[in-house]
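Take a look at the structure below.
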Number of protein chains: 2
Amino acid sequence: MEPTVNLKELFEEKGYKYTAQREKIFDILKKQCGEHLTATDICELVQSNHPDIGMATVYRTLLIFEELNIINKLGSEDEFSRYEFNANNDTHKHYHLICVKCGQIKDIKENFMAEMSENVSEKYDFTVNGYNQKLYGICKECLAKEVQNAGG
Amino acid sequence: MEPTVNLKELFEEKGYKYTAQREKIFDILKKQCGEHLTATDICELVQSNHPDIGMATVYRTLLIFEELNIINKLGSEDEFSRYEFNANNDTHKHYHLICVKCGQIKDIKENFMAEMSENVSEKYDFTVNGYNQKLYGICKECLAKEVQNAGG
DNA sequence: GTTTGTGCAAACCCTTTGCAATTTG
DNA sequence: CAAATTGCAAAGGGTTTGCACAAAC
């Protein structure tokens with residue numbers, strides 16, 4: 001069993017204070033592990049139990065969480081940023097499948113990338129630390145719809 | 001010899017009008033092929049010869065160019081969007097090496113991805129059309145500096 | 001001549017910041 | 001108690017939009 005991140009210790013290490021707000025926001029993010037939430041999403045979820053916590057605090061907290069590797073920030077191409085809980089501390093080390101039809105984002109966890117990283121390091125004099133991979137395409141559901149429409 | 005994209009025809013096909021502004025913006029983008037320019041960069045370059053062309057026109061034109069696959073839009077994680085000329089119509093089919101120290105973006109043209117796409121299609125029921133890959137790491141120059149500093 | 005595009009400036013909207021009050025250690 | 005944090009509201013800043021004029025076909 002993986003021990004959960006100990007927020008308090010982590011914060012103390014970095015000189016941050018352990019506040020109720022930060023704890024609440026952490027709880028929400030952890031509970032929503034696997035989702036790709038906007039700052040507004042997160043704020044609304046937090047506010048449903050703690051209406052006093054404001055947007056500014058959410059943003060400031062997300063910044064710290066990003067720095068502490070607790071979450072990953074995903075820059076959506078067209079919209080605003082999304083955040084995801086970084087369950088195994090594998091920053092940027094996974095892939096996102098983005099359906100160009102419905103916009104849903106899925107994760108891939110396999111490490112297709114290890115070999116490529118080595119190649120890149122050799123050929124481009126570039127030390128790869130992480131990657132944020134976006135694969136654009138069509139998901140199963142949307143493909144089914146397309147086939148349907150083509151048939152009709 | 002590859003024939004250059006025929007703007008006028010492309011526009012007519014899609015019902016867009018062929019205006020001087022669009023031509024000028026296209027010329028700049030083509031001339032800057034390989035660069036990753038912000039909308040402001042593009043606007044300034046255009047305005048150096050055509051001071052009357054405004055930011056709004058640049059944005060509107062970039063939107064059309066993106067739709068026509070003439071350029072790729074790269075959503076920088078933290079800053080603003082950048083645009084690159086899509087020389088071989090290979091939308092999203094290349095990689096960006098982003099140095100976390102100096103922020104420079106380099107392209108990789110090799111197709112490390114072909115095999116992976118197949119795997120993804122099979123395992124995740126997701127038809128991959130393109131990818132916009134960002135590899136984060138440290139470029140040669142910044143690595144050299146780091147080593148230097150560690151030594152001092 | 002009608003439709004589409006342009007330029008300006010104002011509006012948008014996500015995100016950041018200044019400041020006084022509050023909380024943490 | 002000193003230093004960090006919060007909440008509000010206002011400011012920032014890249015991008016979009018409304019509108020009157022101009023250009024394209």
Side-chain angles (χ1 to χ4, degrees), chain A residues 6-26 28 36-68 70-83, chain B residues 6-28 36-68 70-83 103:
Chain A
N6 185 329
L7 255 204
K8 200 156 185 260
E9 279 179 19
L10 201 55
F11 276 30
E12 280 167 4
E13 250 175 60
K14 294 279 179 173
Y16 294 121
K17 291 190 172 167
Y18 188 64
T19 67
Q21 289 89 336
R22 287 171 182 174
E23 193 185 9
K24 304 308 176 201
I25 294 172
F26 178 83
I28 287 294
H36 305 90
L37 306 168
T38 65
T40 307
D41 291 340
I42 295 163
C43 196
E44 284 172 359
L45 284 167
V46 171
Q47 286 182 341
S48 68
N49 286 316
H50 308 273
D52 288 341
I53 296 179
M55 201 64 170
T57 300
V58 170
Y59 273 111
R60 284 187 282 231
T61 304
L62 290 174
L63 214 59
I64 294 173
F65 283 3
E66 212 194 331
E67 188 198 328
L68 298 183
I70 291 172
I71 58 172
N72 297 327
K73 182 180 179 183
L74 316 172
S76 273
E77 290 315 271
D78 292 319
E79 302 165 45
F80 18 79
S81 293
R82 287 174 180 275
Y83 303 83
Chain B
N6 186 329
L7 256 204
K8 199 156 186 262
E9 278 180 18
L10 201 54
F11 275 32
E12 280 167 4
E13 248 175 63
K14 294 279 180 174
Y16 293 122
K17 290 189 175 171
Y18 187 64
T19 68
Q21 289 88 335
R22 288 171 181 174
E23 194 184 8
K24 304 309 176 198
I25 295 171
F26 178 83
D27 287 345
I28 287 293
H36 304 91
L37 306 167
T38 64
T40 307
D41 291 339
I42 295 164
C43 195
E44 284 172 0
L45 284 167
V46 171
Q47 286 182 340
S48 68
N49 286 316
H50 308 273
D52 288 341
I53 296 179
M55 201 65 169
T57 300
V58 170
Y59 273 111
R60 284 187 281 230
T61 304
L62 290 174
L63 214 59
I64 294 174
F65 283 3
E66 212 194 333
E67 190 199 327
L68 297 183
I70 291 172
I71 57 172
N72 297 327
K73 182 179 180 184
L74 316 171
S76 275
E77 291 313 272
D78 292 319
E79 302 164 45
F80 20 76
S81 293
R82 288 173 180 276
Y83 303 84

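In the text below, chain A, chain B and the rest are named by the order of the sequence lines, each starting its count at 1.
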In whole angstroms, how far is the [atom2] atom of [N] from the [atom1] atom of [X]?
X     : N      : atom1 : atom2 : answer
A/K14 : C/dT24 : NZ    : P     : 23 Å
A/Y18 : D/dT6  : OH    : C1'   : 17 Å
B/F11 : D/dA23 : CZ    : P     : 18 Å
B/E12 : C/dT4  : CD    : P     : 15 Å
A/K8  : C/dT24 : NZ    : C1'   : 10 Å
B/L7  : D/dA24 : CG    : C1'   : 15 Å
B/K24 : C/dG7  : NZ    : C1'   : 18 Å

request  = Taking only heavy atoms on the protein side, list every residue of residues 52-65 of chain B lying under 4.0 Å from any atom of DNA chain D, sorted numerically.
outcome  = B/A56, B/Y59, B/R60
ask   = When all nucleic acid strands are considered with a 4.0 Å heavy-atom cut-off, which category describes B/A39: base, sugar-phosphate, or nothing?
value = sugar-phosphate
message = What I want to check is whether an N or O donor and acceptor connect the side chain of A/K17 with the base of D/dA3 at under 3.5 Å.
response = yes
Atom [atom1] of [X] and atom [atom2] of [Y]: how far apart are they, to the nearest 0.5 Å?
X     : Y     : atom1 : atom2 : result
A/I25 : A/E23 : CD1   : CD    : 11.0 Å
A/N72 : A/H36 : CG    : NE2   : 9.0 Å
A/I28 : A/C43 : CD1   : SG    : 10.5 Å

Treating [X] as the side-chain partner and [Y] as the backbone partner, does any N or O pair qualify as donor plus acceptor under 3.5 Å?
X     : Y     : answer
A/Q47 : A/G54 : no
B/R22 : B/K8  : no
B/D27 : B/K24 : no

inquiry  = Checking B/E12 against B/Y18: is there a side-chain donor and acceptor pair closer than 3.5 Å?
reply    = no
request  = Considering just the side-chain nitrogens and oxygens of A/T19, establish if one lies under 4.0 Å of OP1 or OP2 belonging to D/dT6.
outcome  = yes
message = Whether B/Q21 contacts C/dG7 is assessed here as follows: a side-chain N or O lying under 4.0 Å from the phosphate OP1 or OP2. Is that the case?
response = yes
